[in-house]
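I have placed the structure first, in the form of structure tokens, so that the comments after it can refer back to it.
Numbers here are sequence positions counted from 1. Atoms within each ligand, like the ligands themselves, are counted from 1 in listed order.
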Amino acid sequence: MDGGDRRDEIVEEMCRASVEWWNTFRCVEWIVNLTNKIRRRRKSSTCMIGIEKDATLEYMIHITKLGQTFLELLSEALGLKPDHPSLMDCGKVCSLVCHYYLACLESELTLGNSQHLDPAFLTLLLTKQIGGLQVLHQNQWIDVEPIEGGLIINVGDFLQIVSNGKFKSVDHRVVSNRVGPRMSITLFS
Ligand SMILES: O=C(O)CCC(=O)C(=O)O
Ligand SMILES: [Fe+2]
């Protein structure tokens, strides 16, 4: 993803998102292509506690690149050059976190993940089918529906700082579900 023909349009949408205080983005179809590519190479991978090590490493490489492309687009949305160093140095260090939320019969009594902001530039979140993520927008919790084969990208604290508050760190939480388990893989970049 580099925005291709739609690059200008995407940058404009990002500007609008910051003005309207939506700091959650959806990146569709990216995962479908990547999963197919990784699957073709699966045979050579080594299993580590049920997680395929090679596939995980390959996923990290691609998603880190995607995070950097996203930062380029955000730079442009801030009126900077896409390779502006202050933003390009961000996103070089990242960590991958996997969450496993059990189904909960009394889901109204608890949360999967309580209200918080992410201490990162961007959070790139992969989750399938089961919802639960909510973002706080104008004092209301809004459901962020998972997109099959897509990613949810949230602005974190550091991006809020380097953008002088133009992009806002997303206040979010994960509610519990009666169905499950729900899994998510988060890259903090
Ligand atoms: O599991 C999710 O959907 C969100 C996880 C999250 O907010 C986090 O890892 O910081
Ligand atoms: Fe988070």
For Leu109, I'd like to know if atom CG has over 12 heavy atoms of other residues, nucleotides or ligands within 6.0 Å. yes

Answer with yes or no whether the hydrophobic clustering places Phe188 together with Val170; edges join I, L, V, M, F, W, Y residues whose side-chain heavy atoms lie under 4.5 Å apart. no

Please determine whether residues Ile142 and Leu151 belong to a single hydrophobic cluster, defined as Ile, Leu, Val, Met, Phe, Trp and Tyr linked transitively by side-chain heavy-atom distances below 4.5 Å. yes

Are there any protein N or O atoms under 3.5 Å from the N or O atoms of ligand 1? List them with distances, or say none.
{"from": "ligand 1", "atom 1": "1 (O)", "to": "Tyr101", "atom 2": "OH", "distance (Å)": "2.6"}
{"from": "ligand 1", "atom 1": "1 (O)", "to": "Arg182", "atom 2": "NH1", "distance (Å)": "3.1"}
{"from": "ligand 1", "atom 1": "1 (O)", "to": "Ser184", "atom 2": "OG", "distance (Å)": "2.7"}
{"from": "ligand 1", "atom 1": "3 (O)", "to": "Arg182", "atom 2": "NH1", "distance (Å)": "3.2"}
{"from": "ligand 1", "atom 1": "3 (O)", "to": "Arg182", "atom 2": "NH2", "distance (Å)": "2.8"}
{"from": "ligand 1", "atom 1": "7 (O)", "to": "His116", "atom 2": "NE2", "distance (Å)": "3.1"}
{"from": "ligand 1", "atom 1": "7 (O)", "to": "His172", "atom 2": "NE2", "distance (Å)": "3.0"}
{"from": "ligand 1", "atom 1": "9 (O)", "to": "His99", "atom 2": "NE2", "distance (Å)": "2.6"}
{"from": "ligand 1", "atom 1": "10 (O)", "to": "His116", "atom 2": "NE2", "distance (Å)": "3.1"}
{"from": "ligand 1", "atom 1": "10 (O)", "to": "Asp118", "atom 2": "OD1", "distance (Å)": "3.1"}

Atom CD of Gln140: over 12 foreign heavy atoms under 6.0 Å: no

Near the Fe ion (ligand 2), meaning under 2.8 Å, the protein N/O/S atoms are His116 NE2, Asp118 OD1, His172 NE2

Close side-chain approach of Phe25 and Val155, heavy atoms under 4.5 Å: yes

Check: Ile185 main-chain N/O paired with His99 side-chain donor or acceptor under 3.5 Å: no

Enumerate the residue pairs fulfilling side-chain hydrogen bond (donor to acceptor under 3.5 Å, both in side chains) with a member in residues 177-188, sequence neighbours excluded, ordered by first and then second residue. none

Enter the distance from Leu73:CG to Leu78:CG here, rounded to the nearest 0.5 Å. 11.0 Å

Members sharing Met183's hydrophobic cluster (side chains within less than 4.5 Å): Tyr100, Leu102

